[in-house]
Amino acid sequence: MAKVKTKYVCQQCGYETAGYMGKCPECGSWSSFVEETVTKEVPINNLPADNTPPPILIKDVQIGKEIRLSTNISEFDRVLGGGLVQGSLVLLAGDPGIGKSTLLLQTGGELSKSGKKILYVSAEESAGQVKLRSDRLGVNTDKLYIYPQTNFELIKKYISEQKPDLVIVDSIQAIYSSNIQSTAGSVSQIRECCNELMHVAKSENITMIVIGHVTKEGNIAGPKVLEHMVDTVIQFEGDKYKSYRILRAVKNRFGNTSEVGVFEMGSNGLKEIINPSEMCLKEYNQSQSTGSVIIVTNEGTRPMLVELQALVGTTPYPSPRRVTNGVDISRVLQILAVLEKRVGLNLSKQDVYVNVIGGMDIQEPAADLGIALAVATCARDVVIDSHTAIVGEVGLSGEIRAVNNIEKRIKEVEKLGFKKIIIPESNELNEKFDDIKIIKVKKIIDAISACITTDAVKE
Ligand code: TYD
Ligand code: MG
């Protein structure tokens, strides 16, 4: 009888040990080790069949043309870098209930409409449930096959037999391989199944999209290991209680990672938002209150106008609260420190709340000046001139630093009918803009005075 060997695997990072440990030495998480049985033992000297070519010089490598499969959903294609690359494996990650299954069912329907054969492996829902949803979404199912299955070996068999153009696996946490003893969703299972799927994708040149849930700690499908294995990682984010959803490429072997796609979830599924700035400004009030500003962020190659609000008020607590939604809290703390030191704004007894409207998550520092002005004007109770957009990075000495793609940002602001934009002085402009007044600022204090004077704007 074969000797049964066991190992302990950290469910957070995949670290392996021979004995149980309370705290993982690799990632520091507690009580994350689970005992798993090792059944496969590969002899060390066993080389794989010798049908692979030996190493060659890079200049001698022959490359075939990269074949891309358009999803017919332009926002999805944009994030993928122009469509799905044949034979690649894409991981679509997101919180449960965000709309991953809906997006992929709609994608499957679009591709089925264009004559491609799709295999939708549903490991979480029954065929009936998927059919109900596909009826409601009105997707084309001429060549869309549904396979409710959780066993990886059976899934692999049908993929090899049917050779579909696209395989959708919903989700990687729900499938299991018979080679591994642990339960579906454990690190070893996820790693094994993903590895095998990757192998099938490459060896049979089949394109795959795999769904992975984000755990409550915010990791994709538990361990980070999955992200390293796949070709592309796409994150589906947004507020579950609002209808806007944002697709973002976190890793892409075949394209740019900074692109985003914007969707709206409605009763008939996901609808693309071709002009996201208009969506973000839908509720923007021209006679706005204090602490509300319009900033221009750059998402990939596309500039977007977003409304940002700040609320500053005397705190009832011993230490003031700082709460942010949609922007990084440490960035806000840094900006508050600059405002205190360089502008003389005393915020030590004030609560500060910063909120981005529309469920967007803004990461780029070009939003700094907008945050600073929203906080400063709210603290001083002055209203920012409406029709003004703001862009710039704030340095620690109160200087405004240059941002990238400034001309594209100005064009977007101009297109949406704004009269004035505040930009960093160090940004050089090669184009002329006639319909918008451009105000260049060097210091944060100049920006404050520029945004509250109305004389420059002729309405
Ligand atoms: P789903 O795609 O099942 O999410 P995930 O696969 O990421 O867990 O979608 C979940 C939510 O989307 C669900 O709460 C209902 C909502 N929804 C709509 O609002 N409209 C629709 O047409 C569909 C299909 C779902
Ligand atoms: Mg789902």
Side-chain angles (χ1 to χ4, degrees), residues 71-73 75-76 79-80 84 89-113 118-141 144-152 155 166-176 184-185 189-190 193-194 197 208-222 226-227 230 232-250 260-273 279 358-359 361:
T71 60
N72 294 339
I73 300 177
E75 292 293 291
F76 196 10
V79 177
L80 290 165
L84 291 158
L89 193 144
V90 178
L91 173 70
L92 177 69
D95 288 330
I98 202 85
K100 301 180 294 297
S101 307
T102 310
L103 175 68
L104 293 191
L105 194 61
Q106 283 181 264
T107 308
E110 286 297 327
L111 285 170
S112 150
K113 213 192 291 178
I118 321 293
L119 180 66
Y120 190 106
V121 179
S122 177
E124 293 183 354
E125 293 164 298
S126 67
Q129 280 172 307
V130 178
K131 160 115 177 86
L132 274 177
R133 182 182 294 157
S134 77
D135 284 350
R136 194 147 55 86
L137 297 174
V139 302
N140 179 303
T141 52
L144 182 60
Y145 291 84
I146 171 89
Y147 185 40
Q149 182 56 256
T150 53
N151 182 282
F152 175 73
I155 295 170
L166 173 71
V167 178
I168 296 167
V169 180
D170 184 0
S171 67
I172 187 83
Q173 274 104 342
I175 58 173
Y176 72 95
Q189 281 289 4
I190 290 176
C193 292
C194 186
L197 281 173
M208 293 196 193
I209 309 181
V210 173
I211 288 180
H213 294 295
V214 170
T215 60
K216 62 178 188 301
E217 287 83 23
N219 295 329
I220 296 169
L226 207 54
E227 285 182 63
V230 301
T232 304
V233 180
I234 290 181
Q235 191 108 29
F236 205 17
E237 38 186 62
D239 196 333
K240 228 194 309 184
Y241 304 102
K242 297 221 186 88
S243 51
Y244 304 121
R245 302 282 185 273
I246 290 154
L247 265 190
R248 192 189 293 275
V250 185
V260 297
V262 186
F263 294 87
E264 184 172 6
M265 177 68 96
S267 51
N268 295 320
L270 291 157
K271 211 175 89 213
E272 295 174 72
I273 307 255
M279 165 199 96
D361 205 2

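Counting starts at 1 for both ligands and their atoms, in listed order.
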Inset, instruction - Quick one: look up the protein heavy atom nearest atom 3 (O) of ligand 1 and list residue, atom name and how far away it is. - result: R133 NH2, 3.0 Å
Legend entry - the Mg ion (ligand 2) - number of protein N/O/S atoms closer than 2.8 Å: 1
Legend entry - Check: H213 main-chain N/O paired with K100 side-chain donor or acceptor under 3.5 Å: no
Legend entry - Protein non-hydrogen atom below 4.0 angstrom of atom 15 (C) of ligand 1 present: no
Inset, instruction - State which residues pass side chain to side chain donor-acceptor pair (under 3.5 Å) with N151; sequence neighbours excluded, sorted by chain then number. - result: Y176, S178
Inset, instruction - Work out which heavy atom in D170 is nearest to a heavy atom in S101; give both atom names and the distance. - result: OD2-OG, 2.8 Å
Legend entry - Under 3.5 Å: donor-acceptor pair, side chain of T141, backbone of L144: no
Inset, instruction - Note the single closest protein heavy atom to atom 1 (P) of ligand 1, along with its residue, its atom name and the distance in Å. - result: T102 OG1, 3.5 Å
Legend entry - Side-chain ion pair, E237 and R248, N-O less than 4.0 Å: yes
Inset, instruction - State, yes or no, whether a side-chain contact exists between I73 and T107 at a heavy-atom distance under 4.5 Å. - result: yes
Legend entry - Shortest protein heavy-atom distance from atom 11 (C) of ligand 1, along with the residue and atom involved: G97 O, 3.4 Å
Inset, instruction - Specify the protein heavy atom at minimum distance from atom 4 (O) of ligand 1: its residue, its atom name, and the distance to 0.1 Å. - result: G99 N, 3.2 Å
Inset, instruction - Please write down residue, atom name and distance for the protein heavy atom closest to atom 6 (O) of ligand 1. - result: S101 OG, 2.6 Å
Inset, instruction - Using atom types as modelled and distance alone, determine if a side-chain donor or acceptor of E75 lies under 3.5 Å from a backbone N or O of V262. - result: yes
Inset, instruction - Would you check whether G94 reaches within less than 4.0 Å of ligand 1, judged by its heavy atoms? - result: no
Legend entry - Side-chain (Q235) to main-chain (G94) donor-acceptor, under 3.5 angstrom: no
Inset, instruction - Can you spot which of I209, L84, V230 makes a side chain to side chain contact (heavy atoms under 4.5 Å, CB included) with L89? - result: V230
Inset, instruction - Among all protein heavy atoms, pick the one closest to atom 21 (C) of ligand 1 and tell me residue, atom and distance. - result: G266 O, 3.5 Å
Legend entry - Other residues, nucleotides, ligands: >12 heavy atoms within 6.0 Å of Y145 OH: no
Inset, instruction - Identify the protein heavy atom lying closest to atom 12 (O) of ligand 1, giving its residue, its atom name and the separation to 0.1 Å. - result: M265 CE, 3.3 Å
Inset, instruction - Could you tell me which atoms of ligand 1, counted from 1 in the order shown, lie closer than 4.0 angstrom to a heavy atom of L137? - result: 22 (O), 24 (C)
Inset, instruction - Identify, for atom 22 (O) of ligand 1, the protein heavy atom at the shortest distance, and state residue, atom and that distance. - result: G269 N, 2.9 Å
Legend entry - S112 versus N140, side-chain donor and acceptor atoms under 3.5 Å: yes
Legend entry - Distance filter under 4.0 Å to N268 heavy atoms, resulting ligand 1 atoms: 22 (O)
Inset, instruction - Given side-chain contact (heavy atoms from CB on, under 4.5 Å), test L104 with L92 step by step and report yes or no. - result: CA-CA 9 Å; L104 293 191; L92 177 69; 3.8 Å; yes
